Every structure is written in structure tokens, then in C-alpha cells.
Amino acid sequence: MEFLNFTRPDIDEETIADVANVLRSGWITSGPKVKALEAALSEYCGGRPVRVLNSATGGMELALRLAGIGPGDEVITTPMSWVATANVTITVGATPVFVDAERSTRNIDLDKLEAAITPRTKAIIPVDLAGLAVDRDRLYDIANRHKLRVIEDAAQSIGTSWKGRRVGSTGDFVSFSFHANKNMTTAEGGCLVMNNEEEARLFEKLRLQGVTRFPGGEMDMDVLGYKFNLTDMAAAIGLGQIKRLEAFNARRGLLAKLYFQQIDRSLGLELPLEDHENTNWHMFQPLLPIEKLRGGRKGFIEAMHERGIGVGVHYPAMHLFSYYRERGFKPGDFPVAEYIGARTVTLPLFPAMRDDDVTRVCDTMHDVIQSLAL
Ligand SMILES: Cc1ncc(COP(=O)(O)O)c(C=O)c1O
């Protein structure tokens, strides 16, 4: 039987033809397709200024630069995320401060957030893990009371709404990723939603070497910028994807419901929060009963692979990576994130999956857990 990956991008023939048109056009780097994608994303985000670039990591780094965050400043985030979320704080010379995750949502624990705020705290980077929205009402209540900037790491949550308000249409900075595994893709890429045209102008400058061009070939560079621009081929993929995003996310929602219906509850898995309103079902991640499985998570993943099912890990608790341990973090610092990070597995979930693929995953998972049971 065909190997079932945990995810797969869905690029239609019309989009492939449009990428070919870009390649033939003679203008392949940032150009009209980038502008068109920015306009489509801005419309999607309620008319707010949006600019694209070649990764969400770069988008969050630029958001920190726009907020004037640097050496001496602290930025609060969660260890239950991809390393990019905290790395960008270090890249701009500031210090990441972790707040543990909360067990049911697996997002930053808002009950513990205020205790981590110090006079040096300048910003919070919350993460909508697996696409499930962080409680925006509570988050912005805390941020506003302490006059903190917010850089929403919405890498995984395009199309998610919080209480009916689409992520990206409200709030401070919002960063989306268009990496190949995300709910919409440009192969690699991302965008930042900003508050006003002044921020967007500075973003454009920082995105491309800090240079401003004037009529008649004049130019100046007055700030140190990066090389973060997106190509028109990538933007053409994004234009094909954004048209289908709502349909993609609706299909993901149906597949998630099938998982909830079909997973055998007696296997001892801890399922994700069953909230179908505030998520885009970017991933479906049960926590494994690792203490009861021969070979633990590794044994489970290998056995699933042998039976033709791809399973991922997103993610181990970040503070336990060597780089962060060298900066003083250690096991026991964030017990909930460590619990989740040690047990989480990502099951296949992507729009082109068939209903009976879910059944196949559930049946295989059942057999594997029974065969590994200690
Ligand atoms: C939560 C989170 N933050 C940030 C990123 C970084 O996105 P990009 O790969 O586009 O830089 C990712 C990508 O996997 C992510 O999942």
C-alpha cells in the first residue's frame, strides 16, 4: 500500500501553469506576483498592511526590529514551539524568557505569563500551536496592561479564528509561514501583518538591504537590512493557494472530526483539545502513553513507518536543545512543555487525504500500540 506521509502540499495544475508563466515572463524575482499576493493577503486580513518575505522566521525577526527590540530587552515566549520562535529574539540581541505551556491547549500558559514580566520585558511571542488560537482576549489584556508589543507567531494558524475574529485581522504584529507543510504554501515563505503604512515602509526597506530607491536611479541606504525578499514564482504558488485556503481548512476540519470519532479511547492516548471553532487543524497530535510502550515514542514511530504511515514530532520542548541548555535551561524548568514534547506525535492530516486514510491510520495505530504494549 502507498506510504501515507503526515502531510503533503496540494498545488493544482492552474497554479503550476502560472508558475511556468512567471518563468517565461522574464521577471522571476520580486515583482507583480509579490504585489498581488500582498494585496490578497491584506484583503484576507481585513485590509491591514501585509508584506511577504522568504520565511516566517525572517518576518518575526523584522517585527522585533520594527518594535526596536535589542540588547537588554526580554521577550516572553513558550518552549513548546519550533526553535525559530525563540531564536529570532537571540538573533536581534535580546533575551528569550520562557513561560511553560498549558496541558489542554498546549499553548503558552496565560495564568503564568504575568509572573514572568520584568521591567526589561518588551514583547510577547505567543504561538498558536497546531493552529489552535491562543486566547486573544486574555493575551491582549495582559499585553496592554503592561504596555508590551505582541508578535503573534501564527506560523501554523492561517485561517484560524479566535471567537469568530480571523487571526491576522486584529492585534499587533502577526506572522504567518508559507513553508511547504503549512495550510497554504509558497514552498518557503511567510508574511507579516502590520499596524500602519509606516511600519510597512520600514519592513520593505529592511527586507531588501535597507535601500530606498528614488526616481531617476537615485538611491540611499540608511539602515542595515537583510536579503529576505520572496520570488515571483513563490508568490504565484501563494496566489493559487490562498484561493483554496478556506476549502483546505474545511477539509482538515472534517478529517479531524473523523479522528475524534475513530481513535480507540481505550489506547490511553491524550487527544488534542476538541475545539472545532478556534483552530485551522494544522496538525492532529495525540500524546502517547510512552511509559507503557516498548521503545517509547521512537518504537511507535518506527513501527508506524514500517506499516506505511508517516508520523512526525512537532516539537520537543525547545529549552532542552543543546544550544538552550548551554544557556542555562535544564530538565524540570518547564514540566508541562517537557511532558508534551516527550509524548507528542503528528498523525497524517492534509486536505487530499481520503476518509479511509483516517481509518487506516487509526487501525494501524491500534495494532502498533497493542503490539508494543508493556
Ligand atoms: C510555530 C512556528 N514558528 C515559526 C516557524 C518558522 O517558519 P518558517 O519556516 O517559515 O521560517 C514555524 C515553521 O515551521 C513554526 O511552526
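As the structure is a computational prediction, the values presented were derived from the model and not from experiment. The figures that follow rest on heavy atoms only: side chains count, while hydrogens, waters and symmetry mates do not. Just follow the structure's listing: the first ligand is 1, and inside any ligand the first atom is 1.
- Some N or O of Asp153 is nearer than 3.5 Å to an N or O of ligand 1, by distance alone.
- A heavy-atom distance below 4.5 Å is found between the side chains of Leu62 and Leu53.
- Distance from atom 11 (O) of ligand 1 to its nearest protein heavy atom, with residue and atom name: Thr57 OG1, 2.5 Å.
- Under the 30°/60° scheme for interplanar angles, the aromatic rings of Trp281 and His276 are found to be tilted.
- Within the structure, ligand 1 has Tyr315 among the residues with a heavy atom less than 4.0 angstrom away.
- Among protein heavy atoms, atom 15 (C) of ligand 1 sits closest to Ala155 CB, 3.5 Å.
- One side chain, Thr118 or Glu74, offers a donor N or O that lies under 3.5 Å from an acceptor on the other.
- The shortest heavy-atom distance from Gly189 to ligand 1 is under 4.0 Å.
- Of the candidates His314, Lys182, His179, it is Lys182 that places a heavy atom closest to atom 14 (O) of ligand 1.
- For ligand 1, the atoms lying closer than 4.0 Å to a non-hydrogen atom of Ser177 are 7 (O), 8 (P), 10 (O).
- In summary, the atoms of ligand 1 found under 4.0 Å from a heavy atom of Thr85, numbered by their order in the structure, are 3 (N).
- Ligand-side atoms of ligand 1 in range of Val127: 1 (C), range being under 4.0 angstrom from any heavy atom.
- Considering backbone and side-chain atoms alike, Ser81 places every N or O at 3.5 Å or more from each N or O of ligand 1.
- Ring centroid separation for the pair Phe98 and Tyr324 comes in under the 6.0 Å cut-off.
- Side chains of Asp333 and His319: no donor on one and acceptor on the other come within 3.5 Å.
- Here the side chains of Ile237 and Ile11 are in contact, with some heavy-atom distance below 4.5 Å.
- Defined by atom type and a distance below 3.5 Å, a donor-acceptor pair is present between the side-chain atoms of Arg103 and Tyr339.
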